[in-house]
J.: 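Please find one structure pasted underneath; my questions will follow.
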Amino acid sequence: MIDLEQVRKVAHLARLELEAGEEEQFTTQLNSILEYVEQLNELDTADVPPTTRAIEVSNIHRADQLETFGDRESLLSNVPDREDDFIKVPKIMEG
Amino acid sequence: MSLIRELHRQLTQKERSAVEITQSYLERIKALEPQLHSFLTVTEATAIAQAQAVDQKIAAGEDIGLLEGIPIGLKDNLCTRGVRTTCASKVLENFVPPYESTVTQRLAELGTIALGKTNLDEFAMGSSTENSAYQVTGNPWDPSRVPGGSSGGSAAAVAADECPIALGSDTGGSIRQPAALCGVVGLKPTYGLVSRYGLVAYASSLDQIGPLSRTVEDAAIVLQAIAGHDPKDSTSLNVELPDYTQNLKPGLDCKGRTIGIIQETFGEGLDPVVDAAVKAAIAQYEALGATVKTISLPRFRYGLPSYYIIAPSEASSNLARYDGVKYGARAEESNLVSMYTKTRAAGFGAEVKRRIMIGTYALSAGYYDAYYLKAQKVRTLIKQDFEAAFQAVDALVCPTSPTTAFTAGSKVDAPISMYLSDLMTIPVNLAGLPGISIPCGFDAAGLPIGLQLIGNVLQEQTLFEMAYAYEQATDWHTKTPSLA
């Protein structure tokens with residue numbers, strides 16, 4: 001089962017800032033969900049292969065061809081913070 | 001009678017123009033939205049312009065296609081170029097897609113008129129549409145109740161006749177459950193039959209786009225338009241499509257068909273009124289000539305716990321992209337990690353955060369085998385149960401939802417109680433099968449009940465024909481909510 005400390009760790013891994021109340025609430029709710037999914041252990045799956053996709057299709061290839069996207073401005077206009085054609089982000093290195 | 005065919009007849013016989021039809025739906029949206037809140041965005045100006053183009057063709061004596069001039073509502077997780085696509089999330093409040101989803105592109109090329117974008121649970125995570133960051137959609141049969149979810153806006157809009165047809169998406173029941181709760185038809189196609197290109201990803205191994213409509217034939221017409229191979233979706237199936245509507249003719253029966261009743265879907269937790277309506281529908285199928293068998297799917301009930309590991313795991317990965325860098329909302333912070341964590345804290349609602357947390361936990365070091373791998377193995381067992389059943393039957397039948405529409409607010413703080421609402425639809429997604437919900441009755445409060453038919457891989461035509469035969473023999477689909 002999951003405790004408050006683990007909830008904080010998972011939130012950090014998920015890059016989610018949780019308020020104190022949310023941490024408490026998620027600890028309770030995640031525990032009840034994890035308790036609910038425990039019933040999966042009633043099934044013996046030792047020799048069962050996992051299903052990763054519902055309908056098997058494999059080796060889907062297409063030619064790796066360059067295509068110019070015609071409307072740069074429609075991409076750039078979605079950028080939260082830009083300078084000309086550059087995307088601005090907080091500094092990631094000192095100096 | 002197919003609503004699309006009726007509108008097409010009005011257009012070709014010049015009883016009404018495309019602009020008049022579009023205007024009448026836009027007026028109905030204006031009149032009903034204050035109580036229903038099914039649309040997040042209404043694209044009035046482009047809708048009228050598109051309708052004018054159809055009218056010019058008709059005036060010039062040109063033939064028009066069956067879908068030309070037919071208005072449609074689009075779930076707001078389908079990317080529409082130049083039209084805001086929010087996924088009902090604050091994080092995408094101002095997102096204007098630079099590209100068009102394959103399904104909306106195909107429908108636009110066939111001349112449908114997009115009326116706007118419909119409400120949903122944020123990122124399609126939910127069963128009541130209450131997880132929208134913007135508004136709570138009312139059920140047209142009783143606006144104090146939920147329309148189901150996550151395609152609740154599309155289902156409510158079709159039920160209230162704000163649009164004749166709509167598109168939804170279904171990851172664990174998000175088309176079929178709201179269709180049932182709103183008394184309309186909803187189809188989830190076989191995984192891979194419809195391109196997911198431009199559908200904002202929730203759980204990629206389960207997501208499928210499909211139609212919601214008033215009649216079975218309308219759903220078949222829309223599926224015909226959106227199905228088919230798309231090189232832009234690597235999971236898209238390259239198969240020959242049948243003509244889904246060719247046999248949908250009055251007099252169609254179910255002689256020679258075998259239906260399997262899923263034994264495990266009856267019993268504890270099933271509303272007695274739903275139980276009775278579904279059993280009456282099964283009797284109707286016998287009257288239509290079908291052979292009815294009882295089938296056991298012993299691992300069916302493990303679908304829900306399996307789903308609540310698999311879907312959040314995929315979601316936690318898919319939603320990592322909302323980091324405030326290239327698009328979407330951004331929290332202004334001087335440090336990169338706090339920019340991420342605060343952007344996501346402010347941008348996502350409680351249910352989305354909950355699923356990201358479950359998924360991140362299930363995929364994290366030390367827990368992967370116990371949760372994610374285990375759930376994927378159980379997924380195999382659920383698939384095997386279906387495969388065995390389809391050796392003996394043409395379609396499986398069960399309730400779509402264990403209850404009729406519940407009161408808004410009654411389950412928001414009880415995640416598992418809300419999740420149980422999808423108990424009967426989720427296994428179908430895990431196995432990648434097609435499923436359809438059709439109206440099969442009403443409870444004492446006048447709320448609709450849905451019947452779910454499940455088909456084998458790519459057997460949509462069988463589902464449409466069996467659903468159509470039932471629809472012809474009953475009049476549930478002709479009932480409409482009494483809205484002002």
J.: Name the region of V89(A), side chain, backbone, both or neither, that has any atom closer than 4.5 Å to a heavy atom of chain B.
T.: both
J.: Is it true that a side-chain atom of K91(A) and a backbone atom of S334(B) form a donor plus acceptor pair closer than 3.5 Å?
T.: no
J.: Between atom OH of Y419(B) and atom OH of Y36(A), what is the distance when rounded to the nearest 0.5 Å?
T.: 11.0 Å
J.: Are more than 12 heavy atoms from other residues, nucleotides or ligands located less than 6.0 Å from atom CD of E73(A)?
T.: yes
J.: Taking the side chain as C-beta and beyond, is there a heavy-atom pair between P90(A) and N335(B) under 4.5 Å?
T.: no
J.: Using only heavy-atom distances, determine whether the side chains of T45(A) and K374(B) contain a donor-acceptor pair under 3.5 Å.
T.: yes
J.: Got a donor-acceptor contact below 3.5 angstrom from the N78(A) side chain to the V96(B) backbone?
T.: yes
J.: Restricting to non-hydrogen atoms, name the atom on P80(A) and the atom on Y327(B) that form the minimum distance, rounded to 0.1 Å.
T.: CD-N, 3.8 Å
J.: Hey, is CZ on F69(A) packed in by over 12 heavy atoms from elsewhere, all under 6.0 Å?
T.: yes
J.: Between V37(A), L30(A), I2(A), which is the residue that forms a side-chain contact (heavy atoms from CB on, under 4.5 Å) with I358(B)?
T.: L30(A)
J.: Side chain, backbone, both or neither: which part of E38(A) has a heavy atom under 4.5 Å from chain B?
T.: side chain
J.: Contact part of I416(B) toward chain A, heavy-atom cut-off under 4.5 Å: side chain, backbone, both or neither?
T.: side chain
J.: Measure V325(B) against the heavy atoms of chain A and call it side chain, backbone, both or neither at under 4.5 Å.
T.: both
J.: Any side-chain donor-acceptor pair under 3.5 Å between E42(A) and Y302(B)?
T.: yes
J.: Considering residues, nucleotides and ligands other than K9(A), do more than 12 of their heavy atoms fall under 6.0 Å from its NZ?
T.: no
J.: Go through the atoms of S316(B) and report whether side chain, backbone, both or neither lie under 4.5 Å from a heavy atom of chain A.
T.: neither
J.: Quick one: what part of Y372(B) sits under 4.5 Å from any heavy atom of chain A, side chain, backbone, both or neither?
T.: neither
J.: Are more than 12 heavy atoms from other residues, nucleotides or ligands located less than 6.0 Å from atom CZ of R82(A)?
T.: yes
J.: Name the region of L237(B), side chain, backbone, both or neither, that has any atom closer than 4.5 Å to a heavy atom of chain A.
T.: side chain
J.: In terms of heavy-atom proximity below 4.5 Å to chain A, should L420(B) be classed as side chain, backbone, both, or neither?
T.: side chain
J.: With only heavy atoms counted, which part of M339(B) is less than 4.5 Å from chain A, the side chain, the backbone, both or neither?
T.: side chain
J.: Relative to chain B, which segment of L40(A) carries a heavy atom at a distance below 4.5 Å: side chain, backbone, both, or neither?
T.: both
J.: What part of L16(A) gets within 4.5 angstrom of chain B, counting heavy atoms only: side chain, backbone, both, or neither?
T.: both
J.: Is it true that a side-chain atom of R15(A) and a backbone atom of T341(B) form a donor plus acceptor pair closer than 3.5 Å?
T.: no
J.: With R354(B) as reference, evaluate Q25(A), E22(A), Q29(A) under the side chain to side chain donor-acceptor pair (under 3.5 Å) test and give the passing residue.
T.: Q29(A)
J.: Tell me, side chain or backbone of E333(B) under 4.5 Å from chain A's heavy atoms, or both, or neither?
T.: backbone
J.: For F26(A), is it the side chain, the backbone, both or neither that has a heavy atom under 4.5 Å from a heavy atom of chain B?
T.: side chain
J.: Determine whether Q6(A) and Y361(B) make a side-chain contact, defined as any pair of heavy atoms from C-beta on separated by less than 4.5 Å.
T.: yes
J.: For K377(B) and A46(A), work out which heavy atoms get closest and say how close.
T.: NZ-O, 4.2 Å
J.: Relative to chain B, which of V79(A), L43(A), I87(A) shows the most heavy atom pairs under 4.5 Å?
T.: L43(A)
J.: Do you know which of I310(B), L304(B), I382(B), L433(B) has the most heavy-atom pairs under 4.5 Å to chain A?
T.: L304(B)
J.: Relative to chain A, which segment of T190(B) carries a heavy atom at a distance below 4.5 Å: side chain, backbone, both, or neither?
T.: side chain
J.: Closest heavy-atom contact between A54(A) and S205(B)?
T.: CB-O, 4.2 Å
J.: What I'd like to find out is whether the side chain of T52(A) reaches to under 4.5 Å of the side chain of R379(B), using heavy atoms alone.
T.: no
J.: For the pair T380(B) (side chain) and P49(A) (backbone), establish whether a donor and an acceptor sit closer than 3.5 Å, ignoring hydrogens and angles.
T.: yes
J.: Heavy-atom cut-off 4.5 Å, strictly under: side chain, backbone, both or neither for D323(B) against chain A?
T.: neither
J.: Show the nearest heavy-atom pair for residues S234(B) and I60(A), with the distance to one decimal.
T.: O-CG1, 3.4 Å
J.: Give the member of L13(A), I33(A), D71(A), L76(A) that has the highest number of heavy-atom pairs under 4.5 Å with chain B.
T.: I33(A)
J.: What residue, out of V378(B), L373(B), T343(B), has the most heavy-atom pairs lying under 4.5 Å from chain A?
T.: V378(B)
J.: Is it the side chain or the backbone of A375(B) that comes within 4.5 Å of chain A heavy atoms, both, or neither?
T.: both
J.: Sort K326(B) into side chain, backbone, both or neither according to what part of it lies under 4.5 angstrom from a heavy atom of chain A.
T.: both
J.: Over all heavy atoms of both residues, which pair between A14(A) and I356(B) is shortest? Give the atoms and the distance, please.
T.: CB-CG2, 3.6 Å
